[in-house]
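Side chains are part of it too, since the values below use all heavy atoms of this structure and drop only hydrogens, waters and symmetry mates. Throughout, protein chains are lettered first and strands after them, A, B, ... in sequence-line order, and every chain is numbered starting at 1.
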Protein chains: 4
Amino acid sequence: MNNSKQQQKGRVVRGMVGVGQLKSADEARLVRELVSSGSISDPSSPRGRLIGAAARLFQDKGFALTTVRDIAAEVGILSGSIFHHVKNKEELLCAIMLEVTRLAKARMTAAIEQQTHPRDRLLACITCELEAIHGLAVPGFPILVTEWRCLSAENQAKVLAEREQYESIWLQELGQRPPDCGVADPQLARRLLLGALSHTHSWFKPRGRGLTMKMLAEQALLTVWPNSHH
Amino acid sequence: MNNSKQQQKGRVVRGMVGVGQLKSADEARLVRELVSSGSISDPSSPRGRLIGAAARLFQDKGFALTTVRDIAAEVGILSGSIFHHVKNKEELLCAIMLEVTRLAKARMTAAIEQQTHPRDRLLACITCELEAIHGLAVPGFPILVTEWRCLSAENQAKVLAEREQYESIWLQELGQRPPDCGVADPQLARRLLLGALSHTHSWFKPRGRGLTMKMLAEQALLTVWPNSHH
Amino acid sequence: MNNSKQQQKGRVVRGMVGVGQLKSADEARLVRELVSSGSISDPSSPRGRLIGAAARLFQDKGFALTTVRDIAAEVGILSGSIFHHVKNKEELLCAIMLEVTRLAKARMTAAIEQQTHPRDRLLACITCELEAIHGLAVPGFPILVTEWRCLSAENQAKVLAEREQYESIWLQELGQRPPDCGVADPQLARRLLLGALSHTHSWFKPRGRGLTMKMLAEQALLTVWPNSHH
Amino acid sequence: MNNSKQQQKGRVVRGMVGVGQLKSADEARLVRELVSSGSISDPSSPRGRLIGAAARLFQDKGFALTTVRDIAAEVGILSGSIFHHVKNKEELLCAIMLEVTRLAKARMTAAIEQQTHPRDRLLACITCELEAIHGLAVPGFPILVTEWRCLSAENQAKVLAEREQYESIWLQELGQRPPDCGVADPQLARRLLLGALSHTHSWFKPRGRGLTMKMLAEQALLTVWPNSHH
DNA sequence: TATGAATGAGTATTCATTCAT
DNA sequence: GATGAATGAATACTCATTCAT
């Protein structure tokens with residue numbers, strides 16, 4: 001990383017109070033609003049704890065390799081009791097994906113609002129998604145990509161509908177880039193970026209030293225918005 | 001894709017005889033050599049047909065959701081006969097990953113040799129990997145990413161050892177880029193690129209009209225080597 | 001059996017109300033105590049019925065030739081349900097061996113207590129073991145010998161630990177014999193006797209006429225305590 | 001074993017040149033005769049090596065747990081080739097039992113001929129059987145007891161017919177005992193002895209120090225012929 | 001005789017799901 | 001809402017046996 005110095009400087013100048021990251025007070029308020037509007041389950045409710053536990057396990061071991069007994073044990077109930085809260089194992093997966101999508105959407109919307117400069121707004125999107133992928137804010141986000149095909153077509157449609165707005169935010173922000181930023185088509189840029197960011201789940205350690213998440217976000221930004229086009 | 005025209009022009013000028021793609025005669029010779037050296041199984045042998053069928057199914061339905069009965073049916077034998085050629089379902093996965101890696105490595109080496117300009121060589125790498133991901137040349141390549149965690153630690157180590165050379169080619173080629181190409185660190189650039197390319201498997205249709213694979217390769221190249229730095 | 005008359009006389013004189021055998025009331029109380037202390041499963045509980053059925057089948061057909069389907073059919077459940085109560089087929093075998101050992105130990109202890117003369121006490125041991133071997137009181141006892149090697153080393157250790165006390169009773173009683181009783185070493189005498197008694201399982205019919213179990217016990221006693229040394 | 005000294009003395013006095021044991025020249029001649037008469041297979045012939053290997057494995061792991069592949073590997077052929085020499089896995093077991101019985105019979109006959117005193121003759125029987133059980137002379141003998149029930153009724157009858165003479169030798173020798181030797185009935189004495197001797201397979205180490213096989217044989221003799229009745 | 005690929009019925013075990021209590 | 005016993009279909013894997021070469 002021979003040019004990391006100048007990039008770090010850039011980051012410090014632009015995003016003073018946490019690029020794309022929300023203050024923990026905002027974070028909490030956001031969750032509270034989503035819960036009270038019924039968009040996501042209360043994490044402390046039985047259903048919320050069930051979804052949380054399942055999300056953790058699906059992410060770690062995969063949907064197919066996670067047994068309903070594993071999940072029950074994680075929550076502290078017996079396997080039969082799961083089906084009081086959810087019809088199916090698949091419905092559980094679907095519920096996770098829906099809630100994950102809603103939370104990620106709300107977070108990203110909030111994060112963008114705090115930024116005015118298009119580059120900072122895009123950086124905020126990337127940071128939000130990275131935080132989601134690495135479970136810092138939205139537990140279970142990588143499941144959206146890795147376990148997609150475990151969902152029936154019907155359920156895939158449900159999640160896609162929910163996801164549409166999330167993706168349209170991305171497309172809008174990517175559309176604000178100046179010309180000559182590399183991949184011009186926002187749709188294509190988004191897809192390449194989504195793949196790149198999702199895959200960080202398998203190699204990036206957010207707690208590790210060296211490459212921080214902020215640095216990673218800035219580097220990812222460079223793939224669709226090179227430094228030469230500030 | 002508002003600036004695709006100028007990019008297409010560039011591509012046509014540089015890589016006249018198929019950027020990164022091998023002639024089918026070369027392709028065949030490559031496979032023959034790998035077979036005769038024992039690196040991969042003869043696709044027409046029982047073991048080769050088994051590996052091929054399993055690769056197809058693992059890619060389509062995932063390792064966990066593919067039963068040995070499915071595989072056997074695909075080959076045209078009974079499920080018990082599978083274990084004549086391979087000890088485990090997991091060993092089958094491992095064998096696929098090893099052979100896929102060897103073939104991809106050989107193809108990429110051959111493709112690079114045909115190019116001299118660093119940018120063309122990197123484009124050849126990307127094209128090779130895209131062709132692999134979309135099953136045009138190396139059936140089963142996406143399994144390497146999607147089913148990685150289904151492998152035991154021991155088998156992961158085996159595949160990693162085999163993969164090392166493949167990745168070092170990437171790092172070397174990425175190291176040939178001029179400064180200011182965005183993500184400077186070759187390792188990081190490779191990881192972001194791998195994620196972006198792998199993910200194309202879930203949305204890009206190579207047979208579809210509009211975005212061709214060549215176009216996709218050039219666009220992917222732009223994420224780590226913008227046009228502004230020819 | 002030309003000298004059986006004098007032996008019968010001896011038996012009648014010494015052990016009038018059933019040499020070494022417990023009254024059925026005592027028998028029932030013993031089982032109840034072991035159940036309530038958790039040493040053995042309640043024979044009427046699901047687990048108890050499972051263990052009982054498996055013991056019967058393992059004894060008749062052998063561990064390896066008994067399928068879990070056989071066992072399930074015997075209990076009246078489906079094969080999959082077995083693994084609700086026990087982790088493994090082998091763990092089932094282990095559980096049987098442990099419970100069999102505990103019951104045999106308790107019975108022998110109770111039987112010995114009722115006798116004072118060393119010869120009668122040893123005869124009580126022999127009778128107890130014969131009753132166990134022939135399923136009159138401790139169903140599944142022969143399994144301890146015949147299926148021993150089907151147990152993993154780990155489980156063998158568990159059973160051995162449980163069996164130690166049972167065997168030490170034998171050694172103690174065999175140590176009470178007068179000199180010149182043939183095999184002097186209690187350990188060796190026990191081993192020869194165990195083999196002799198175990199093997200009766202394959203030829204002695206307790207219900208048959210002619211040789212009764214009492215007679216058999218007295219004859220077995222003679223191998224380690226000849227009549228000439230009263 | 002507090003009286004082992006006097007017993008050892010007794011042994012040395014009576015059976016000077018190996019009680020019950022054959023000289024290795026006699027041993028070899030015996031086998032040669034049996035082979036040439038067709039009673040047993042030539043150990044160096046394909047069938048002989050097959051039977052030998054199977055006997056070893058059946059004895060170590062049990063009939064049910066030994067696969068036909070294990071046997072083939074031991075012989076150095078492939079599993080399919082076994083069925084050129086033998087119709088069934090069970091027929092293989094049956095063949096072993098028949099040959100084992102014939103060899104044991106011949107050995108015991110030869111050993112008895114060398115003794116005149118009834119006690120020595122009986123001791124020779126015991127020693128012969130111990131040698132057989134511990135594989136010193138007749139590999140596979142314990143299988144006769146441990147794997148008996150793996151044989152179909154039909155095959156059991158075949159082996160029983162072959163075994164009859166072997167057992168009648170035992171009965172005859174046990175009938176030569178003086179009165180008051182404990183278990184008077186030769187049939188019963190034989191059965192108890194057979195059990196006791198068979199079981200030594202699971203605890204006696206012929207190579208171990210301390211208790212030698214000769215000592216063990218003498219001790220076993222004491223169970224049916226106490227010292228007090230020389 | 002030996003090979004090696006294939007068979008097919010069989011094995012233990014798993015697991016999402018149900019339901020009376 | 002929770003339990004725990006049971007279901008029943010499915011799973012990976014085994015293995016004696018066959019047979020064309």
Roughly, in whole Å, what's the span from [atom1] in [X] to [atom2] in [N]?
| X | N | atom1 | atom2 | value |
| --- | --- | --- | --- | --- |
| D:L78 | E:dT3 | CG | C1' | 6 Å |
| C:L65 | F:dA16 | CG | C1' | 14 Å |
| C:D42 | F:dA5 | CG | P | 13 Å |
| D:I71 | F:dC15 | CD1 | C1' | 12 Å |
| A:I82 | F:dG4 | CD1 | C1' | 14 Å |
| C:I77 | F:dA5 | CD1 | C1' | 9 Å |

Exercise for the section: Please name the residue in the list C:R49, C:R56, C:R69 that meets the salt bridge (charged side-chain N to carboxylate O under 4.0 Å, His left out) test with C:E74. Expected result: C:R56
Would you indicate whether the side-chain heavy atoms of [Y] and [X] approach each other to under 4.5 Å?
| X | Y | value |
| --- | --- | --- |
| C:F63 | C:L57 | no |
| C:T146 | D:R149 | yes |
| A:Q59 | A:P139 | no |
| A:K89 | A:T67 | no |

Problem - Salt bridge C:D70-C:K61, side-chain N to carboxylate O under 4.0 Å - result: yes
Problem - Ion pair check, C:R102 and C:E33, cut-off under 4.0 Å - result: no
Practice task
Using a 4.0 Å cut-off on protein heavy atoms (strictly under), produce a 5'-to-3' string for nucleotides 16-21 of chain E with B for base contact, S for backbone-only sugar-phosphate contact, and - for none.
Solution key: BBB---
Handout entry: Check: A:E99/A:S39 side-chain N/O donor and acceptor closer than 3.5 Å
Key = no
Completion exercise
Parsed dot-bracket for DNA chain E after applying the Watson-Crick and G-U rules with both distances under 3.5 Å and | for other-strand partners is .||||||||||||||||||||
Exercise for the section: State the CD-SG distance between C:E147 and C:C94, to the nearest 0.5 angstrom. Expected result: 13.5 Å
Completion exercise
Interatomic distance, CD1@C:I40 vs CD1@C:I51, rounded to 0.5 Å, equals 9.0 Å
Fill in the blank from the handout: Note: contacts of residues 49-58 of chain C with DNA chain E (heavy atom, under 4.0 Å) are none
